[in-house]
Structure formats: C-alpha cells, structure tokens
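Step one of this worksheet: look at the structure below.
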Amino acid sequence: MPTWLMKSEPDELSIQELARQGQARWDGVRNFQARNYLRAMQEGDLFLFYHSSCAQPGVAGIGRIVQGAYPDPSACDPQSPYHDPRTASGKNLWSAVDVAFEEAFPEVLALSRIKLCDDLKDLPLVQKGSRLSVMPVNLEHWDTILRLARQL
DNA sequence: GCCAACGTTGGC
DNA sequence: GCCAACGTTGGC
C-alpha cells in the first residue's frame with residue numbers, strides 16, 4: 001500500500017482538528033505535481049500529517065484516505081481563497097480527497113529532528129528547495145519516521 | 001518580516 | 001518554445 005506525506009497549515013487544518021472532526025476534505029492543492037499524487041491515492045492509503053508554516057513545523061500524526069480523488073469544489077467557489085477562475089469555462093483542473101483521522105503523535109516530530117536523521121536525507125520533504133505539499137513516502141522512510149515518533 | 005527557491009504565466 | 005517577471009511556499 002502506498003504511503004504519503006501531506007502538508008497543512010495547522011491554522012487551516014491541524015491533526016487535532018481532524019481528530020475532533022473525524023473526517024475532512026483535503027482541498028486547495030494548486031500545484032500539478034501535488035495534484036497528480038492526490039490522484040494516485042486510493043482509499044485506505046495512510047499519510048503523514050505534516051504541520052507547515054507554523055511555530056513547530058513537523059509531522060504531527062497519521063491520517064487515512066477514505067475517498068480517492070474527485071474534482072475539487074473549492075476551485076469553482078468564487079468565495080473560496082482557492083477559487084480558480086478557469087473553472088468558469090467549465091473545466092476544473094484540481095482534485096481533492098477525503099481523509100480521516102488515524103493517530104496524533106504525543107508531540108510533533110520536528111522537521112529539525114527529521115533533518116538530523118541520515119536515513120531520511122532522501123525524503124523529498126528535506127530536499128533543498130522542495131515545496132511539494134503532497135509527496136510519496138517509501139516504506140523505509142515511513143518506518144523510520146514512525147520509529148522516531150514512537151520514541152518522542 | 002525576510003528571502004531563497006521554485007512553479008506559473010504570458011509576451012514575444 | 002524561451003525566458004523574464006511575478007506570485008507562492010515555508011523555514012527561519
């Protein structure tokens with residue numbers, strides 16, 4: 001089963017908020033490479049829930065895909081910050097998925113800690129200049145991150 | 001708030 | 001198709 005990492009600003013959606021809601025739509029992705037990864041996701045896939053643009057950037061827990069990619073409604077919504085005017089001509093380029101809460105780590109596994117781990121140096125997240133908000137995580141990296149999180 | 005790095009847009 | 005300008009991401 002493929003595993004993933006997805007970034008969210010906790011002000012927008014945090015792992016705690018997902019835990020409270022149980023389920024949420026993951027929308028607003030406006031990068032083609034990230035979108036293509038969304039489209040590759042299947043029901044049941046697990047992902048690392050990453051908190052970005054915040055005081056404590058890092059992996060905050062685990063989520064699960066409960067609905068594979070479908071056209072992102074926020075692209076068609078003029079009120080949405082993610083509105084894409086191109087949808088006016090009838091085509092929606094963007095995709096969303098639905099996710100469920102799986103687990104919150106006792107504390108955030110800090111990006112700074114991840115960067116220190118030699119086994120994670122090939123993780124796309126820590127590649128220089130990488131800004132991808134959705135990315136695949138291979139099994140070795142997945143296991144390494146969970147091991148680090150378990151010893152927090 | 002700064003700024004490096006990157007993706008996207010649009011004129012040519 | 002090139003590439004400069006612009007906007008965005010996201011750590012610090």
Side-chain angles (χ1 to χ4, degrees), chain A residues 2-21 24-41 45-65 68-99 101-138 140-142 144-149 151-152:
Chain A
T3 50
W4 312 92
L5 180 146
M6 299 209 280
K7 297 178 183 175
S8 176
E9 301 187 13
D11 285 350
E12 190 134 356
L13 179 69
S14 66
I15 191 76
Q16 290 77 19
E17 181 63 15
L18 181 60
R20 202 182 61 77
Q21 296 180 11
R25 169 181 290 154
W26 203 284
D27 60 6
V29 170
R30 294 294 178 267
N31 167 283
F32 288 105
Q33 197 178 351
R35 181 208 66 181
N36 292 342
Y37 286 134
L38 280 185
R39 290 182 176 179
M41 292 177 178
D45 287 1
L46 297 175
F47 66 96
L48 299 168
F49 195 123
Y50 182 90
H51 285 178
S52 68
S53 294
C54 58
Q56 288 240 22
V59 179
I62 297 173
R64 178 169 33 90
I65 306 300
Y70 55 92
D72 182 350
S74 71
C76 310
D77 176 6
Q79 306 303 323
S80 168
Y82 303 121
H83 178 235
D84 180 355
R86 286 175 289 190
T87 54
S89 62
K91 58 174 180 187
N92 186 347
L93 296 170
W94 306 113
S95 298
V97 297
D98 290 341
V99 304
F101 174 77
E102 191 74 22
E103 172 183 346
F105 297 155
E107 55 186 288
V108 172
L109 176 62
L111 176 61
S112 57
R113 177 69 189 88
I114 291 171
K115 284 179 171 172
L116 288 175
C117 181
D118 206 47
D119 292 343
L120 294 173
K121 65 180 189 313
D122 294 329
L123 189 68
L125 178 74
V126 298
Q127 300 296 298
K128 182 184 169 200
S130 169
R131 299 182 319 190
L132 255 191
S133 62
V134 182
M135 68 189 77
V137 176
N138 71 34
E140 291 74 19
H141 290 155
W142 179 272
T144 301
I145 287 172
L146 286 209
R147 182 169 48 76
L148 292 177
Q151 65 198 29
L152 283 173

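Heavy atoms only: backbone and side chains are in, while hydrogens, waters and symmetry mates are out. In what follows, chains are A, B, ... by sequence order, proteins preceding strands, each numbered from 1.
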> Can R39(A) and R35(A) be said to form a side chain to side chain contact (heavy atoms under 4.5 Å, CB included), step by step?
Replying inline: CA-CA 6 Å; R39(A) 290 182 176 179; R35(A) 181 208 66 181; 3.3 Å; yes
>> Taking CD in Q56(A) as the centre, count heavy atoms belonging to other residues, nucleotides or ligands within less than 6.0 Å. Is the count above 12?
In response: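 Open: at most 12 neighbouring heavy atoms sit under 6.0 Å from CD of Q56(A).
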> For the side chain of L111(A), counting heavy atoms from C-beta on, which of dT8(B), dC12(C), dT8(C) is nearest?
Replying inline: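 Nearest to the side-chain atoms of L111(A), counting from C-beta on, is dC12(C).
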Find the distance [X]:[atom1] to [N]:[atom2] and express it as a whole number of Å.
X	N	atom1	atom2	value
N31(A)	dT8(B)	CG	P	5 Å
R35(A)	dT8(B)	CZ	P	10 Å
M135(A)	dC6(B)	CE	P	14 Å
R113(A)	dG11(C)	CZ	C1'	19 Å
Q33(A)	dT9(C)	CD	P	15 Å
W94(A)	dG7(B)	CH2	C1'	10 Å
D84(A)	dG7(C)	CG	C1'	15 Å
E9(A)	dT8(C)	CD	P	13 Å

> Hey, does the side-chain of R131(A) have a donor or acceptor N/O within less than 3.5 Å of a partner on the base of dT8(C)?
Replying inline: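 In this structure, the two groups form a donor-acceptor pair.
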Phosphate OP1/OP2 of [N] contacted by [X] side-chain N/O (<4.0 Å):
X	N	result
Y50(A)	dG11(C)	yes
K128(A)	dA5(B)	yes
K7(A)	dT8(C)	no

> Between W4(A) and Y37(A), how do the two ring planes meet: parallel, tilted or perpendicular, split at 30° and 60°?
Replying inline: tilted
> Looking only at side chains, do R131(A) and S52(A) share a donor and an acceptor under 3.5 Å apart?
Replying inline: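 No, S52(A) and R131(A) have no side-chain donor paired with an acceptor closer than 3.5 Å.
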